[in-house]
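Below is one structure; the comments refer to it alone.
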There are 2 protein chains.
Amino acid sequence: MPATLRDVARLAGVSPSTVSRALSTPAVVNAATRARVQAAAERLGYQPNRAARGLITGRTGNIGLVVPDLANPFFPSVVKGVQARARQSDVAVFLADTDEDAVEEVVLVRALAKQVDGLILCSPRASEEDLLAVAQETNVVLVNRLVEGVPAVTFDNEGGMRQAIAHLVALGHRRIAWVGGPRTSWSSAHRIIGLYAAANDNGVDLLEVGHFAPTYDGGMAAADQAVATGATAVVTYNDLVAIGLLARLHARGISVPDDLSVVGIDDIAMSRMTRPALTTVRLPKQKAGQIAVELLLAVLDDPDPDTIIGTRGTLHGELIVRDSTGVASDPARP
Amino acid sequence: MPATLRDVARLAGVSPSTVSRALSTPAVVNAATRARVQAAAERLGYQPNRAARGLITGRTGNIGLVVPDLANPFFPSVVKGVQARARQSDVAVFLADTDEDAVEEVVLVRALAKQVDGLILCSPRASEEDLLAVAQETNVVLVNRLVEGVPAVTFDNEGGMRQAIAHLVALGHRRIAWVGGPRTSWSSAHRIIGLYAAANDNGVDLLEVGHFAPTYDGGMAAADQAVATGATAVVTYNDLVAIGLLARLHARGISVPDDLSVVGIDDIAMSRMTRPALTTVRLPKQKAGQIAVELLLAVLDDPDPDTIIGTRGTLHGELIVRDSTGVASDPARP
DNA sequence: GTGAAAGCGCTAACAT
DNA sequence: ATGTTAGCGCTTTCAC
């Protein structure tokens with residue numbers, strides 16, 4: 001049986017409320033008694049029961065984190081960032097993996113919502129209405145998704161795409177293919193906007209190659225179509241797709257970067273392990289998780305809609321040049 | 001404000017206790033009233049407050065999951081297994097990542113322990129004493145680690161290593177190097193036992209190459225020493241190490257599998273994406289997570305030490321042959 | 001089969 | 001500055 005607040009009170013010879021105060025509002029209690037209480041608590045190994053506290057304060061000290069698929073290395077990074085920051089504030093994290101299922105996602109979110117002070121939804125697949133509904137009932141921070149009126153931390157997709165295009169243009173590329181992600185992906189939609197803007201500014205022909213699963217297999221599937229565009233460089237929805245693409249190109253005997261340059265997005269750990277290593281736009285994944293927690297904490301402390309509505313952080317990507325874009329001053333056609 | 005049990009009681013025209021019973025012990029309440037209660041609950045979107053329930057039942061309906069490093073793809077797989085199984089039983093999962101820090105691990109475990117019914121510790125780095133101490137205070141299930149008297153789900157390391165050696169022997173290898181994992185790794189220690197047993201039975205020379213970080217960089221670091229042993233094949237602590245090793249070998253112009261064969265352990269997704277693709281021993285990672293939850297649930301239902309002590313599941317690995325062991329009937333020396 | 005009452009461990013007025 | 005009282009939302013005796 002763990003010690004309760006009453007046990008501490010008895011041992012310290014004070015009332016329960018004094019113990020409560022000594023522990024959560026130390027400033028308001030006499031230094032001497034405070035010491036006595038702390039000693040007693042120490043001796044009993046007292047740990048407040050968070051559930052009981054939550055029952056009365058309405059705060060659980062827990063947050064929920066929902067991600068589409070932990071098997072995609074992008075998400076573990078975000079999770080690590082969330083964890084690390086949450087721990088600093090003594091907040092525990094419920095994690096839920098939706099297996100990329102938009103329906104399951106909403107169910108899980110609803111279930112979690114009851115037990116936490118707030119939720120971080122990372123790259124949610126749910127519809128905008130569903131997300132708004134959830135945001136109505138509970139504190140929500142979005143990561144990698146923007147919904148009007150909901151606090152969010154996103155990546156500067158347009159800026160990232162500009163960097164990728166600028167790099168490729170500098171290497172002489174003028175025909176560039178884009179391998180899109182899932183049709184419902186918010187980031188995919190926004191990346192292509194940035195691509196078109198950059199392409200226009202640079203006199204580049206942009207060739208869309210449709211939508212593919214955000215996976216290795218998706219990249220394998222996209223490769224032939226990307227080649228068929230006649231582009232000299234390909235930008236993909238994410239690194240996993242780029243790596244799948246690399247594999248298929250190799251199988252076909254198409255050399256990267258000699259015949260075709262490839263650029264990914266994310267900079268997952270795997271990207272420096274491929275051959276050739278993958279040029280990519282590094283997204284500050286852990287940082288995003290960390291900031292999401294900070295945003296959520298801010299929302300919890302001040303749930304005033306006026307301050308919060310539209311609160312958002314935008315994180316910038318960083319171009320990481322590796323061998324998959326080599327040096328191709330005279331990019332050959334495959 | 002979410003609806004409370006009293007709200008439901010009022011709407012259904014019954015007492016709170018009846019509502020409570022109708023929802024948690026449906027059998028014991030009249031069918032008609034039960035229906036009325038359920039209708040009312042439905043209409044109000046009533047969700048029981050788990051914290052309040054936990055306060056009285058002593059059960060939170062939550063479990064904690066602690067892993068060393070989500071960045072190692074092995075762990076997200078286990079986490080997914082845990083999640084999936086926990087969800088089925090309407091149990092929520094707290095996740096903590098210790099960043100491979102044994103001290104932090106114990107701290108985190110202690111903190112989590114207060115808020116959950118039980119803990120799943122995956123590949124814990126803490127000392128046996130610390131783990132025993134924790135297991136004393138709270139319900140614990142270990143994954144990939146064995147401590148006397150603590151329920152655990154482990155992998156059949158010896159069997160896995162036998163398969164790896166048998167495969168290599170069949171290909172003609174007689175000098176095989178082993179790249180070990182962290183000094184404190186339980187599985188590393190047990191894998192080497194299996195290796196020696198299998199090596200003895202097959203007249204194979206086993207060459208230990210020391211201890212390395214369980215990472216890509218660890219594999220890079222190990223490669224040269226592995227080559228220097230004069231072995232014709234290398235087995236590594238895990239796939240990540242094998243992949244790092246592959247990279248370094250390639251940089252040195254050593255061909256795999258022509259000059260040297262490589263076998264990993266785990267079968268992470270990345271292993272089929274390397275060049276050459278990695279032969280490995282597949283560990284049922286998700287399954288391990290799933291079983292860990294089942295074990296924990298069993299412990300919770302029947303905390304009788306006699307039934308539980310020593311409860312354990314052993315999962316078997318499966319050899320996955322890919323190109324990194326090619327066909328080398330006449331394995332050349334590098 | 002159902003209701004009334006008590007209380008899980010804690011905090012927050014309200015007194016003092 | 002400290003103690004007293006009440007109650008968060010729920011389950012569970014104990015009566016009926």
Side-chain angles (χ1 to χ4, degrees), chain A residues 1-41 44-62 90 92 111 113-117 138 300, chain B residues 1-41 44-62 90 92 111 113-117 138 300:
Chain A
M1 275 303 96
T4 82
L5 184 141
R6 293 178 96 91
D7 299 330
V8 178
R10 210 168 305 138
L11 182 63
V14 297
S15 81
S17 26
T18 302
V19 176
S20 175
R21 282 187 282 251
L23 267 36
S24 26
T25 331
V28 80
V29 57
N30 186 308
T33 43
R34 188 199 318 151
R36 219 141 36 84
V37 169
Q38 272 162 353
L44 265 43
Y46 170 72
Q47 300 271 130
N49 180 326
R50 283 171 158 233
R53 173 182 294 172
L55 202 51
I56 177 153
T57 60
R59 295 265 297 247
T60 61
N62 301 329
D90 199 29
K114 307 295 163 189
Q115 319 192 49
V116 299
D117 299 333
T138 173
L300 295 180
Chain B
M1 277 300 97
T4 84
L5 183 141
R6 293 178 95 89
D7 298 332
V8 178
R10 209 168 305 136
L11 183 61
V14 296
S15 80
S17 23
T18 300
V19 175
S20 175
R21 282 188 282 253
L23 266 38
S24 23
T25 329
V28 81
V29 55
N30 188 307
T33 41
R34 188 199 318 151
R36 216 139 38 84
V37 169
Q38 273 163 352
L44 264 45
Y46 171 71
Q47 301 271 129
N49 180 326
R50 283 168 158 239
R53 172 183 296 173
L55 202 51
I56 176 154
T57 61
R59 296 263 302 245
T60 61
N62 302 328
D90 199 29
K114 306 295 163 191
Q115 317 191 52
V116 300
D117 298 333
T138 172
L300 296 179

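Below, read A as the first sequence line, B as the second, and so on, with proteins coming before strands; counting in each chain starts at 1.
- Without hydrogens or angle criteria, A/Ser20 side chain to A/Pro16 main chain gives no donor-acceptor distance under 3.5 Å.
- Atom OG of A/Ser15 is separated from atom CZ of A/Arg10 by 12.5 Å, given to the nearest 0.5 angstrom.
- Annotation: side chain of B/Thr4 is not in contact with side chain of B/Asn49 (no heavy-atom distance under 4.5 Å).
- Atom-to-atom distance recorded for A/Arg53:CZ and A/Leu5:CG is 9.5 Å, nearest 0.5 angstrom.
- Put simply, CG on A/Asn30 is 15 Å from C1' on D/dG3, counting in whole angstrom units.
- Put simply, CG on B/Leu23 and CD on B/Gln47 are 10.0 Å apart, with the number rounded to the nearest 0.5 Å.
- When side chains are defined from C-beta on, B/Arg50 counts as touching B/Asn62, because their heavy atoms get closer than 4.5 Å.
- Atom CD of A/Gln38 is separated from atom OG1 of A/Thr33 by 9.5 Å, given to the nearest 0.5 angstrom.
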All N/O pairs under 3.5 Å across the protein-nucleotides 9-13 of chain D interface:
unit_1	atom_1	unit_2	atom_2	d
D/dG9	N2	B/Ala52	O	3.3
D/dC10	OP1	B/Tyr46	OH	2.6
D/dC10	OP1	B/Asn49	N	3.1
D/dC10	OP2	B/Leu5	N	2.3
D/dT11	OP1	B/Arg53	NE	2.6
D/dT11	OP1	B/Arg53	NH2	3.1
D/dT11	OP2	B/Ser20	OG	3.0

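- Formation of a donor-acceptor pair under 3.5 Å by the A/Asp117 side chain with backbone atoms of A/Thr60 is found in this model.
- Taking atom CD of residue A/Gln115 and atom P of nucleotide D/dC8, one finds them 21 Å apart after rounding to whole Å.
- DNA chain D forms stems at C:1-11 with D:6-16, C:13-16 with D:1-4, each a run of 3 or more consecutive Watson-Crick or G-U wobble pairs whose two key distances fall under 3.5 Å.
- Rounded to whole Å, the distance from CZ on B/Arg10 to P on C/dT2 is 19 Å.
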